[in-house]
Amino acid sequence: MVVEDNAGDRWYLSELLRARGYDVVSCESGERAWEVFQEESHPLILMDLLLPGMDGVELCRRIRSQPDGATPLILAVTGTAEPDALAAILEAGADDYIHKPVAPKLFNVRIAIAERRIRDQGERAGTKARLDSMTWELEQLFRNLPDVVFSVDITEGRLIQISPSAAHMFGKSVEELLADREVWKRYLLPPRGNEDPWSALARERPGEAVVAEYALPTKEGTAGWVRTGLTVDTDPSTGHVRADGFVMDVTQEHLARQALGERNRELAALYRVSELTLTSKDPDEVYREILDEVGRVMDMPIVLLEHLDRVRDRLTITAALGAEMPEGIPMDVPLHQTPSGAAIQTGRPAIIPNLDSRTDLSHPFLVELKPRAWASFPLAAAGAVAGTLTLVDRVPREMDERWVHLGMSLATTIAAFMERLDADDALRESEARHRALAAQLQQANQELESFAYSVSHDLRAPLRTMQGFAHALLQNFGEQLPADAQDYARRIIASGRQSERLITDLLAYSRLSFEKLDMKPVELKAVFQQAMEQVQADIEQSQASVHIPAQLPTVLGNQTALVQVVANLLSNAMKFVPPERTPEVTVRVEGLGTEMVRLWVEDNGIGIPEGQEERIFRVFERLSEGGDRPGTGIGLAIVRRGMQRVGGTCGVERRPGQGSAFWIEALGERRRTRRPWTRRGPTD
Ligand code: ADP
């Protein structure tokens, strides 16, 4: 801009500037120039000192009084005799001056200098703007950073600055922190063991960085745990030693790490407990070690194992840690007198963090124990609560959900262990019982055997003597005896015969029971032949007809036993027939060629009353329907025992109105030759 009232000078100056490549605006007065200047800025203003109206000094003062924005370079153009006015305009802010008349060479030099100054000024302005923006950004950061940033002047022992986030993190305002050295030291300086953190910091060498994580003395803000890093250095401007650092809130991180650590410890404890339950150590030792482990991981001084006595409704303390009792204190507590009772009754943990309000704990054991916090976990084995795992503290305490969960897991493991021990005990007991029973049985067998022998040897001989003398009495003195005496002698002989039959049958039965029987193929034909010989007298006496099939199979068994069985069945079939009827006995075979062979012995006798089918096979059982037919009640017992001994069975079917059908079942002979690994062997 050229401001000149003289039109010739105005044109000349404008031309000189244009020659240097400028766009030029020229004004003839100060007022006009001020108007133009306010509309747009101009980097370079050439202004005449003396102008009509607003002169150069005033114009210069106005331009310079603008608050900010463009700061043009102002060159005053003066006549030679205006030293006061020149001084005034330079004071008002003009940068330089040129004398009139203007010599082009000098003008160009002056303009070149002005241009350089404009350039410099521009650069400075750019640098300042960049600096301002950086400062602003840093301030923003300082104000909004979640972490705390701080600077400490160690030489003066003064907190220079701290970011506003400190208020949030520490719960202390920036002013409070800046004001009290003892306060900020507590928050900002990492603890150094026993040493005073301030002296430790003062000893730090410049350039050294310190990073530490620590718990804050109190938790008034968001942070309980912080990580602080600081660097000690010498401030070049003041020469003071200073520390600049940051503080991060690591409470969440710390809690997460802590929780993880705890979880790991708990899992390890659970693992150790279940491992303990699998060892083959003495159970008492295992219980002791388990209680130790439980007390440690649950952090409780007293651990009890209580066993439920269902009959007396009491809990007996079977193992205890940290609960030493003086002599004479009963170690069992009625359910309604202990907090554990609830766990037994509900099957769920009974958790009582503070027992202070319980006034009903008067049992001597509890009085001595002095519990203030109680946690009982039911021990459920085989679906029923068998006792509790109980944790006791002598001060009230928190018991959070996780803690309770861990307690339940431990209780489950212990209950499984108890169940295993019980099962082991039961097994051992039942084994012992079986052994005792077997021994008793053997003893009884031996006694019975020796009894049978004594019957045979000791009873038979005097019986025979008695019978012999009775016979002799009749034969030698029969004539001289009165009829009564003869009758008595005959009765002695008859009774003797009955006794002998009984002894013979009993001996047969006991021999069949205890004698070793060889099992081999037996031809039933031969069995029937022998049996028929034995009952021949009965057949003749009763005129009975006995039908036996021509074809009889071979079975697997023992000939002697089978002959006794068949003879008894045939004898009964002829015996239990009404006197007016001739006995008809039919033998039938069922299941020829199969694994089991069934033989039927059917008669036309008096039959078996309903409901007596099982009873008649027992020793000495005789039915009243049989009347006074001779017998001992041992025949069918021999049948049953004989069939049992050869691996078979027996039974009877009632045929009301016709008679009875007794049957026996024996192993078919094919069984022996059957080869399980061939479907169709050569013998099939
Ligand atoms: P005993 O023949 O010596 O009496 P058993 O043990 O052979 O003893 O038989 C027991 C009882 O079973 C007989 O007393 C009789 O009452 C009944 N009984 C056995 N066989 C027959 C039969 N074939 N018909 C009817 N009753 C029978």
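Atoms within a ligand are numbered from 1 in the order they appear, just like the ligands themselves. Computed from heavy atoms alone, side chains included, the values below leave out hydrogens, waters and symmetry copies.
Within ligand 1, counting atoms from 1 as listed, the ones closer than 4.0 Å to a heavy atom of Gly631 are 3 (O). Set against the non-hydrogen atoms of Ile606, the atoms of ligand 1 under 4.0 Å away are 25 (C).
Inspection of the Trp374 and Ser340 side chains reveals an N or O donor paired with an N or O acceptor under 3.5 Å. Under 3.5 Å, the side chains of Ser513 and Arg641 contain a donor-acceptor pair of N or O atoms. With 3.5 Å as the limit, one finds a donor-acceptor pair spanning the side chains of Trp600 and Glu590. For the residue pair Thr586 / Glu602, no side-chain donor-acceptor distance below 3.5 Å is found, with atom types taken as modelled.
With respect to the salt-bridge test (charged N to carboxylate O, under 4.0 angstrom), the residues Asp487 and Arg491 qualify. Salt bridge annotation for Arg428-Glu431: absent, with no cationic side-chain nitrogen under 4.0 angstrom from a carboxylate oxygen. Between Glu275 and Arg272, none of the side-chain N atoms (NZ, or NE/NH1/NH2) sits under 4.0 Å from a carboxylate O, so this pair counts as no salt bridge.
Contact annotation: for Lys575 versus ligand 1, heavy atoms closer than 4.0 Å belong to the side chain alone. Under 4.0 Å from ligand 1, the heavy atoms of Phe662 that appear belong solely to its side chain.
Some N or O of Gly633 is nearer than 3.5 Å to an N or O of ligand 1, by distance alone. Among the atoms of Leu636, some N or O lies under 3.5 angstrom from an N or O of ligand 1.
Here the protein heavy atom with the shortest distance to atom 23 (N) of ligand 1 is Asp603 OD2, 2.8 Å. Nearest protein heavy-atom neighbour of atom 25 (C) of ligand 1: Phe576 CB, 3.5 Å. Scanning the protein heavy atoms around atom 12 (O) of ligand 1, the nearest turns out to be Ile616 CG2, 3.5 Å.
The heavy atom nearest to atom 16 (O) of ligand 1, considering only Val639, Asn604, Leu623, Val585, is found in Leu623. For atom 11 (C) of ligand 1, the choice among Arg629, Arg640, Glu621 with the nearest heavy atom turns out to be Glu621.
Looking at every heavy atom in both residues, Met325 comes nearest to Ile329 through SD-CG2, 3.9 Å.
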